Amino acid sequence: MAKAAKALGFQIASPLASVLTEHAFSVSKLGFEVMTYITDWTKPGSFSAGRDPLGFQAASVRLYTSLVPGLTNVTNRLRYYSFYCWVVWQFEQIHHTTKEDKWVEFIRRCEAAIALACQIGDAANAFGMAGSEWWRYEAADTSKKAFDLINPTNRPGEDGQYLKAKYGNFGQFYTASMLEMGLIDSASARVFGVTGTAGKALALAVQKEHPEACTLLLKAVKVGRITRSDCKTISEALHPSYLDPSSREARLLKAILQGDRADDPTAEARRISLRNVLAVVSDSKGEFDLRRELYVQSGSLGASSQGGENLTRWRAYFLNEFCHIALEVWLNAIVGLSNQVAEPTAVDALAATLAALAVGDETASTESLAVGLALKSLRDGHDLGSELLAIASVKKRPEASAVAASTKLILSLWIRWREKALIREALLRETVEGRSVEGVFRFLDLNSAANARFTIAKLIKKFVVSNHLMIAGQKLATGGRFTYRFMLDDGCLVDGEFGEYTYTQPRIANLLTFARDADLVDRESGIITAAGAEFLNAA
């Protein structure tokens, strides 16, 4: 029935409804009530895999946003901050306007020109630059001596452009971070100026230290064309990988990264996270798993008296990620079960079947099972989470052993952390409507004496079935994105589809890249540099 509805080109307003109706109905077997909306005809929603089908990653994002402010998962080269300050400042000097069309043309040509220049100058180290993929083949053709910048930039939103985003890589990914750090301010809704202190200082450093390259780039932007030889000159001066540690530009960028500016509201949190990351690098002698070490917190992190709240919140982040991945394994498992049965099967029956795979002992209480399954060390927990991540990232029904391993991980986390007030408080602050590992912990607290298999069945219904349908319904209602992994038809799960799931990316990879760009970590060896050690050991 759900498939037929989609084929007809209409959407079902309620996240649990699979038939058109104007009446409310209760899903008693799920233990909650859902109100449908009045029937409406809409455009068919576009299908999306959905990055957060259970609503858990939102808590992870809230946690890591506070831990590494001023950069994101896509602000991936430190030197872009100085380059964009220079671009914004030059626009102010040249155009003296807040007209949006002028700014769009200027920023897109600047981005396309620097991406092409660095692709020609040093393609191997131009990773993370917007437009690199677009220019790759043209740049590789050594017979081509000049390049058009107009056609690849003048139709934002269309195919055949270096980047579809109207306001470029800057508008899509860097604007919010640079506003947050006080490097730029808003001249109008979409046109910006550099701040009088930090932003202008970076812009001037770029201009004074690389006048020839800056002149060539501005000339190319003005005429809409750039030569191969000019690209090489620009790349030699402005390539993200060629930042001279002794330059004023590099010193200013390092100070911003290290949180040295008193007027930067993002400084303290980023500084502490950077120190903790460098502590891992310092302990490792070149080989480390950054995620694992920030969770296990051995070595310097374990002995550190500084940044305790930061480390608590990092650990809370990883707890939420581990629980989320375990639930995603169950999500694919229940999809597999619903597709396997010959007849539509009620949610209660599917949850009970999955719980029987998840809990081998029919009589144990939740508490006693958790104690018996508890992993011995934090490293064991991390490693099991990594194993389940590999399973959840494949579009297929998980084996019974993976279903049971998810139970082991969730119950082990609960037993280990349930009495840790600081961890739970950190999680509680970022939890909305119970959708986090803290919500799971609370559920297990309330059901500690109950039969374990029955508890897991209820947990599956609440945190997998109910949460998924609720989140998918909200996405459909607000964004027109159809992200259902299964539908509900007369209390039965139908139309199941497997998904691929992974961890959220908590910015630490880019923080480490920035540390390399700032010469705090050696690019080749991965070992902390003298400058990095000085920052790490500073009072």
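What's counted below: heavy atoms across the whole structure, side chains too, no hydrogens, waters or symmetry copies. Please read these numbers as outputs of a predicted model, since none were measured by experiment. The first residue of the sequence shown is numbered 1, and numbering continues consecutively from there.
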- Report the C-alpha distance between Phe192 and Tyr174 in whole Å, list the side-chain angles of each, state the deciding distance to 0.1 Å, and finish with yes or no for ring-ring contact (aromatic ring centres under 6.0 Å, His included). CA-CA 12 Å; Phe192 303 90; Tyr174 281 81; over 10 Å; no
- Message: Between Asn73 and Tyr64, does the side-chain hydrogen bond (donor to acceptor under 3.5 Å, both in side chains) criterion hold? Intermediate values first, please.
- Response: CA-CA 11 Å; Asn73 292 320; Tyr64 74 60; 3.1 Å; yes
- Task: Would you check, one step at a time, whether the test salt bridge (charged side-chain N to carboxylate O under 4.0 Å, His left out) holds for Glu100 with Lys166?
- Result: CA-CA 11 Å; Glu100 191 175 307; Lys166 181 177 180 180; 3.3 Å; yes
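When every heavy atom of Arg109 is checked against every heavy atom of Val223, the shortest pair comes out as NH1-C, 4.3 Å. Heavy-atom minimum distance, His239 versus Asp122: NE2-O, 3.0 Å. When all heavy atoms of Ala392 and Glu328 are compared, the pair lying nearest together is CB-CB, 4.3 Å. Closest non-hydrogen pair, Gly121 versus Ser235, comes out as CA-OG, 3.4 Å. Across every non-hydrogen atom of Gly434 and Phe463, the tightest pair is O-CE2, 3.4 Å. Taking both residues in full, the closest heavy atoms of Tyr162 and Ile107 are given as OH-O, 4.4 Å, listed atom of the first, atom of the second, then distance.
No side-chain N or O of Asn510 forms a donor-acceptor pair with one of Thr72 less than 3.5 Å apart. Side-chain polar atoms of Glu180 and Thr266 form no donor-acceptor pair below 3.5 angstrom. There is no side-chain donor-acceptor pair under 3.5 Å between Gln119 and Glu138. Between the side chains of Ser82 and Glu249, a donor-acceptor pair is found at a separation under 3.5 Å. Looking at Glu111 and Tyr84, their side chains do bring a donor and an acceptor atom within 3.5 Å of each other. Between Asn320 and Ser60, the side chains place a donor N or O and an acceptor N or O closer than 3.5 Å (distance only, hydrogens not considered).
Cation-pi check for Arg275 over Phe535 is met; the charged atom lies under 6.0 angstrom from the ring centroid and within 45 degrees of its normal. Arg77 forms a cation-pi arrangement with Phe127, by the criterion of a distance under 6.0 Å to the ring centre and an angle within 45° of the ring axis. A cation-pi arrangement is absent between Arg424 and Phe441, since the terminal nitrogen or guanidinium carbon is not both under 6.0 Å from the aromatic centre and inside a 45° cone about the axis.
In this structure, the side chain of Ser132 engages the main chain of Ala126 through a donor-acceptor pair within 3.5 Å. No donor-acceptor pair closer than 3.5 Å links the side chain of Asn276 to the backbone N or O of Leu311. Formation of a donor-acceptor pair under 3.5 Å by the Thr312 side chain with backbone atoms of Ile423 is not found in this model.
Aromatic ring pairs are classed by plane angle as parallel below 30°, tilted from 30° to 60° and perpendicular above 60°; the pair His95 and Phe106 is perpendicular. The aromatic rings of Phe482 and Tyr484 are tilted relative to each other, their planes meeting at an angle between 30° and 60°.
Summarising the geometry, atom CZ belonging to Phe91 is positioned 13.0 Å from atom CH2 belonging to Trp86; distances are rounded to the nearest 0.5 Å. A distance of 8.0 Å separates OG of Ser284 from CD1 of Ile527, quoted to the nearest 0.5 Å. For the atom pair CZ of Arg485 and CD of Glu497, the computed distance is 5.0 Å after rounding to the nearest 0.5 Å. Atom CG in Asn154 sits 5.5 Å away from atom CD in Gln161 (nearest 0.5 Å). One finds the CZ atom of Arg251 at 9.0 Å from the NZ atom of Lys254 (value rounded to the nearest 0.5 Å). Note: Arg313 CZ to Leu294 CG = 14.0 Å, rounded to the nearest 0.5 Å.
Taking the six-membered ring where the residue is Trp, the centroids of Phe322 and Tyr295 are separated by under 6.0 Å.
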Under 3.5 Å, which donor-acceptor pairs do the side chains of residues 379-390 form with other protein atoms, sequence neighbours left out?
residue: Asp380; atom: OD1; partner: Ser377; partner atom: OG; Å: 3.4
residue: Asp380; atom: OD2; partner: Ser377; partner atom: OG; Å: 3.2
residue: Ser386; atom: OG; partner: His382; partner atom: O; Å: 3.1

